[in-house]
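Report on the following structure.
In what follows, every chain begins at residue 1, and chains take the letters A, B, ... in the order their sequences are listed.
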Amino acid sequence: MINLKIYNSAAYKAFNFFDDYKALCTAVFSRVQGIFVEDNYFIATRDYQKLEKFAVIFNNRLYLLQQDEYAKTENTILLEHDLFIGKILSLNETVDNVKIAEDVTIKFKINLLNSEIQWVKQFLYCIHEHLAGRESENKTLINHDTIKSLIADVIAHIHTADALIEDSNTGSDYLIAISQEVIKAVQILAKLGGGRAFLRGNVISMLCLFTAFSTVYFKQD
Amino acid sequence: MRTHMNLTTALARYGKDLMEDVELFRRIAFAIDKEPRSIIDYYNNPAISRLLGDRNSLCIERTQKLEALAYGDAGVMLACPGPSLSGLILREIGTPEQNDLFFNYIISHKAHTFLAVTEPNKGSDAGRMQAVLTQDAENPNRVWLNGEKWLVGNGAIASIGIVIARTSPGPLGIAAVMITPDELSQPGLYRTTLPLLGLRGAQLSYLAFNNFPVKKANILGRHLSPMNRGMMALIKTFNRMRPCVGALALGTAQAILDYIDLNCPRLTKSYAYHYARLATLIHVTRQLLHKAAIAVDKNPFESSLISLAKMKATQTAETLATEAFGFFGAGAFFEHPWLTKWYRDVFGFEYMEGTTNMQKKNIAQGYGHANK
């Protein structure tokens, strides 16, 4: 009945992280999907819930996790992306003949942050294009100094995150810093997007999901 | 779902008269979040009836009450029937007959209402509004409404509401027209709710009017000058509502703080410091909001102070929701569904009755005027 354009930009694509996260998890091994566990918690795609057992990596060791060895909760923020959050109750079955390199977890985390950054860049592009087509007080929104300042802030956070990733320093403090830069960029994008940013599949959805990942995988002690 | 309310402190803060309503709102928060229309199941509760009849409250009274109800749950508050924003504009410029029609209908039907201002292509910039009211060439008592509105709270489910549209170009050509229940059933209107992640009770909606007939007598403020019934009425209405939006944010922030107090397993010295800082932030935000609400009751054009209070309340709620996770560690998203619900909700306050960027303009302009 309606063909409502959320943004005046052909580049707009509603935010959904399912495919990104599935690809990230698949990339861990060549043939099976792996889930990373941090502090007993993990985020996985919902199709894992159907599996009798699946591989998890915890403290650089590989385990096979059975259904009764974890609890899961329905979290609206994650459900939007067909993801769920799980909590390990026990870990029994190790897979001793598979060696997990120490940097596998770090690679997973960096790839996760890279995927987040790609979404931020895409939304920045489309919000920029949208603001260039809207007018207020006799000039396009993109030409208002306050808007320029906010866009510059988003760009600065993205570049900082990119620079930290390129730095190849894989300490947990670095990863936490990158995650925080991404979240700061999204927080500013939320102000730039206006009310449409609050619609599902938009900037606030992105902020909520990235905060969930940050809470589970990039938490300060 | 446990309510996680400290009843003793909540009672001391909000008073006995409101506690029953606060507790109900907290208890049904997740049910309304899942299905906002299930608010109908609670229509017989006195808490709902108490929201329907408000037609003469002061801004400071609304601010205090809304903080308490949002402490229960802001989403439930927004899902409830009642006059809301449209009631304020009716009170501002409606004739006694229009007021009676509107408020009596709400009370007798437990009706939801809407105020449609924002447009998909022009936002809330009243100067550029595209929705138009045009005179019917044959019927002097009828006008035609054409245009689109969106991000309208309860717009798709309300049975009475108000649309802001143009009658002519320029700042004097802005009018508010009441859409009555019988008119809403006519052809020429398409409306639907928009998908939300947070504050789902608000049921933000899209409305498209296509040669939609409206009674000319339902244009509000025809007894007033074009200036007083158009832009000025909107400014006054938003100013009277902004402290109330701030109160929704503040109530949510206070709920988060009390949740931390009740549930945080590690209020060590450093965490106690953070907790105290957040408590101070809430305290000062409440002071600013009350000051702004009292000011707007005296002068509805007191935009600067009101914008400051609304901005501060929004920031405070966002700060509380964001920093709360730090108290609970990696398990926050798993173990604390209330925190994740509030996190989804708090970012909505930014977009209600003006964003922070817009409020900042008012704050700076007010400072400039004060120094002239």
Q.
So for Thr211(A), is it side chain, backbone, both, or neither that comes closer than 4.5 Å to the heavy atoms of chain B?
A. both

Q) With only heavy atoms counted, which part of Ile183(A) is less than 4.5 Å from chain B, the side chain, the backbone, both or neither? A) neither

Give the minimum heavy-atom separation between [X] and [Y], together with the two atoms involved.
{"X": "Thr73(A)", "Y": "Phe333(B)", "answer": "CG2-O, 4.5 Å"}
{"X": "Arg344(B)", "Y": "Cys208(A)", "answer": "CA-SG, 4.1 Å"}
{"X": "Leu197(B)", "Y": "Ile77(A)", "answer": "CD1-CA, 4.3 Å"}

I'd like to know which of [options] tops the heavy-atom pair count under 4.5 Å against chain B.
{"options": "Ala71(A), Gly195(A), Gly133(A), Ser205(A)", "result": "Gly195(A)"}
{"options": "Ser214(A), Ala212(A), Gly86(A)", "result": "Ala212(A)"}
{"options": "His130(A), Glu80(A), Arg196(A)", "result": "Arg196(A)"}

(Q) So Ile204(A) and Tyr351(B), do their side chains get closer than 4.5 Å, heavy atoms only? (A) yes

(Q) Contact between Lys191(A) and Thr355(B) at the side-chain level, heavy atoms closer than 4.5 Å - yes or no? (A) no

Exceeds 12 heavy-atom contacts within 6.0 angstrom, atom [atom1] of [X]:
{"X": "Lys139(A)", "atom1": "NZ", "answer": "yes"}
{"X": "Lys184(A)", "atom1": "NZ", "answer": "yes"}
{"X": "Lys13(A)", "atom1": "NZ", "answer": "no"}
{"X": "Lys341(B)", "atom1": "NZ", "answer": "yes"}
{"X": "Phe18(A)", "atom1": "CZ", "answer": "yes"}

If you measure from [atom1] on [X] to [atom2] on [Y], what distance do you get to the nearest 0.5 Å?
{"X": "Leu194(B)", "Y": "Ile6(A)", "atom1": "CG", "atom2": "CD1", "result": "7.0 Å"}
{"X": "Thr340(B)", "Y": "Asn75(A)", "atom1": "OG1", "atom2": "CG", "result": "4.5 Å"}
{"X": "His144(A)", "Y": "Asn357(B)", "atom1": "NE2", "atom2": "CG", "result": "11.0 Å"}
{"X": "Leu151(B)", "Y": "Phe198(A)", "atom1": "CG", "atom2": "CZ", "result": "10.5 Å"}
{"X": "Trp150(B)", "Y": "Leu4(A)", "atom1": "CH2", "atom2": "CG", "result": "5.5 Å"}
{"X": "Leu150(A)", "Y": "Thr356(B)", "atom1": "CG", "atom2": "OG1", "result": "10.0 Å"}

Q | Salt-bridge criterion met for Glu137(A) and Lys361(B) (N-O under 4.0 Å) | A | yes

(Q) One thing to verify: whether Lys122(B) and Glu135(A) come together as a salt bridge, which I'm taking to mean a side-chain N less than 4.0 angstrom from a carboxylate O. (A) no

Q | From CA spacing to verdict: side chain to side chain contact (heavy atoms under 4.5 Å, CB included), Phe347(B), Val203(A) | A | CA-CA 10 Å; Phe347(B) 296 101; Val203(A) 183; over 6 Å; no

**Q.** Contact leader toward chain A among Thr118(B), Asn121(B), Leu204(B), where contacts are heavy-atom pairs under 4.5 Å
**A.** Asn121(B)

Q.
Is Pro337(B) close to chain A through its backbone or its side chain, or both, or neither, when contacts mean heavy atoms under 4.5 Å?
A. neither

